[in-house]
Amino acid sequence: MASPTPSKRSEQDPSDVSGAAALPPDGLYEILLRLPAKDLCRLRAVCRSWRSLASDPLFIKDHAARHTRPFLATSFVDPREDVYCGVSILDLCSGDVIKQIHTRDKDVRLQRTYLDRVCMAGGRHPLAVTVLNPATGATVGPSADISEEYADLLERRYVSMESCAFGKVPSTGEYKALRFLNVGSPVGSQHLCEVMTLNASSNHAQWRPKPGPPLPVCSNNKITSVVIDGVVYFLFGFIDPCYKYLKTLFKPGTITPFNLETEEWMPTISGPESVTSYYMGANKITTSRSPEAVEHISITNLNGSLVIVHLVHHISMDLWFLMDVEKGLWVKKYSIRYRRHYRRAYPLVLLDDETIIFIMQSKDTLISYDTKTDTFTDMFNLQDYRSIAIYTGSLLS
């Protein structure tokens, strides 16, 4: 990678330590570029010129291009209060804490995202949604916890947030959130949908009501919805009696997308034929309203691809990648031999070397799977698998 032009380099400060001053600027740039973000954050304290170089936007851009492996974001607990009080950024492979950001609100939970921001729900109010930039520690949120059109429901009924999806619109760079609200009433519950655009420069964002999906979706389970390139994908909800009523129109594995840019529901996507036909026969799909339950079909984001995870009981876990949405082309890239011990594993990240990082939802543990040797390896434990995210941004600011 080319070194910066002389005009981009920081001038050596007279107060710099002698060892730092003796390093040629080009050599220093290349050396610091090779170091992980955790080390760079410490080395900024060596002298003013090192801090200036490691804080330069050009250097941060070059460093991000070289260090592409994402981080794991988790909530951490204050032992004195026994509540979540901030966000930890961990090395995805070692589990080492690289950075901790204390949040103003307590007891916030991270939403399952794959982005350069972290979305937090709860805290000061059950409907609160806040977005954190781990690089700077800055947060943004809406001016009100619910849209004006639904505000009166808070006074008359019990309202809870069923789920919240957060993504970035590629064409505009805007960050948007889509959520489902559950409104209780004496005769049953009602499901509402809201969207919000978050502006990093202000906290005056507002929730806006939107029509619900064209068919029942699994909105309360983090393994049945995912955001990729500004589109939120929801798995068709296989919950009786809805499934029995709609199964002639929508097959198992059907996915309903929501476009965050246009804020409209898109045409449904059919799942792989071998997956849908499997459940159109005598096989019964296991379903549950509990977020902890592992479905026989789930969806995930692996390296920017929409993936259907099909658990064929006692046989295999098949990972189907959507290759062409227009043609409905799915390709089964991986078929992992069934192990009873890992039957509750959910694929979280696909690394460049084709290692797959799984989360063990029953044990709050991360494990890695080597696709070349067909072996699993335990990695490290988590405080709560339900409050994690993949952070793809830089930790330098």
Side-chain angles (χ1 to χ4, degrees), residues 1-74 76 87-101 113-118 132-138 168 301-304 348-357 366-373 377-380 388-397:
M1 182 176 294
S3 299
T5 60
S7 60
K8 292 288 185 179
R9 300 190 192 107
S10 302
E11 294 293 332
Q12 294 289 344
D13 191 275
S15 63
D16 287 348
V17 295
S18 59
L23 288 173
D26 288 349
L28 177 62
Y29 189 93
E30 291 298 331
I31 291 173
L32 295 184
L33 201 60
R34 298 171 184 269
L35 298 178
K38 181 179 181 179
D39 294 337
L40 282 175
C41 290
R42 294 201 304 265
L43 289 175
R44 282 174 168 176
V46 170
C47 57
R48 283 196 289 268
S49 66
W50 283 32
R51 180 176 182 84
S52 176
L53 174 58
S55 303
D56 185 86
L58 177 63
F59 177 85
I60 293 174
K61 181 180 179 180
D62 288 346
H63 187 270
R66 178 168 294 194
H67 300 266
T68 58
R69 177 168 291 182
F71 302 96
L72 183 71
T74 69
F76 69 86
V87 176
S88 293
I89 304 298
L90 311 181
D91 182 278
L92 187 57
C93 291
S94 67
D96 293 339
V97 177
I98 300 174
K99 186 175 185 179
Q100 284 191 325
I101 306 103
T113 55
Y114 198 107
L115 209 58
D116 59 353
R117 296 291 188 274
V118 173
L132 167 72
N133 182 347
T136 64
K168 184 178 183 179
N301 171 9
L302 295 181
N303 260 6
L348 198 62
V349 180
L350 174 62
L351 301 180
D352 292 339
D353 62 359
E354 294 194 77
T355 297
I356 304 176
I357 307 298
L366 281 192
I367 59 175
S368 65
Y369 173 74
D370 190 323
T371 58
K372 300 178 179 64
T373 61
T377 303
D378 290 345
M379 298 176 65
F380 54 89
I388 65 171
I390 300 299
Y391 176 61
T392 62
S394 172
L395 292 178
L396 306 176
S397 61

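- Residues Leu396 and Phe59 come closest through the heavy atom pair CD1-CE2, 4.2 Å.
- Between Tyr391 and Asn133, the closest heavy-atom pair is OH-OD1, 4.3 Å.
- Between atom OG of residue Ser88 and atom CD of residue Gln100 there is a gap of 3.5 Å, rounded to the nearest 0.5 Å.
- When all heavy atoms of Leu395 and Lys99 are compared, the closest pair comes out as O-NZ, 4.2 Å.
- Within the 4.5 Å cutoff, no side-chain heavy atoms of Asp96 are placed close to those of Phe380.
- Across every non-hydrogen atom of Pro70 and Val349, the tightest pair is CG-CG1, 4.2 Å.
- In this structure, Val118 and Pro134 approach most closely via the heavy-atom pair CG2-CG, 3.8 Å.
- At a threshold of 4.5 Å between non-hydrogen side-chain atoms, the residues Thr392 and Tyr114 count as touching.
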For Lys168 and Asp116: C-alpha separation, side-chain torsions, deciding distance, then whether salt bridge (charged side-chain N to carboxylate O under 4.0 Å, His left out) applies.
CA-CA 9 Å; Lys168 184 178 183 179; Asp116 59 353; 3.7 Å; yes
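- Looking only at side-chain heavy atoms (C-beta outward), Ile98 and Phe71 come within less than 4.5 Å of each other.
- To the nearest 0.5 Å, the span separating NZ on Lys61 from CZ on Arg66 amounts to 15.0 Å.
- Between Cys93 and Arg69 there is a side-chain heavy-atom pair separated by less than 4.5 Å.
- In terms of heavy-atom proximity, Thr113 sits nearest to Ala389 at OG1-CB, 3.4 Å.
- The closest side-chain heavy-atom distance from Thr74 to Leu90 is below 4.5 Å.
- Between Asp39 atom CG and Leu32 atom CG the span is 10.5 Å, to the nearest 0.5 Å.
- Here the side chains of Leu72 and Ile390 are in contact, with some heavy-atom distance below 4.5 Å.
- Formation of a donor-acceptor pair under 3.5 Å by the His63 side chain with backbone atoms of Leu35 is found in this model.
- Here CG of Leu366 is found 7.0 Å from CG of Leu92. Values are rounded to the nearest 0.5 Å.
- Residues Leu58 and Tyr29 have side chains in contact (heavy-atom distance under 4.5 Å, counting atoms from C-beta outward).
- Checking side-chain atoms of Ser394 against main-chain N and O of Ala64 turns up no donor-acceptor pair under 3.5 Å.
- Side-chain contact of Thr371 with Glu354: a donor-acceptor pair under 3.5 Å is absent, judged by distance alone.
- With contacts defined as side-chain heavy-atom distances shorter than 4.5 Å, the pair Thr377/Asp370 does not qualify.
- The backbone N or O of Asp353 sits less than 3.5 Å from a side-chain atom of Lys372, completing a donor-acceptor pair.
- A donor-acceptor contact shorter than 3.5 Å is absent between the side chain of Thr355 and the backbone of Leu351.
- In this structure, CD1 in Ile60 is found 9.5 Å from CG in Leu40, a value given to the nearest 0.5 Å.
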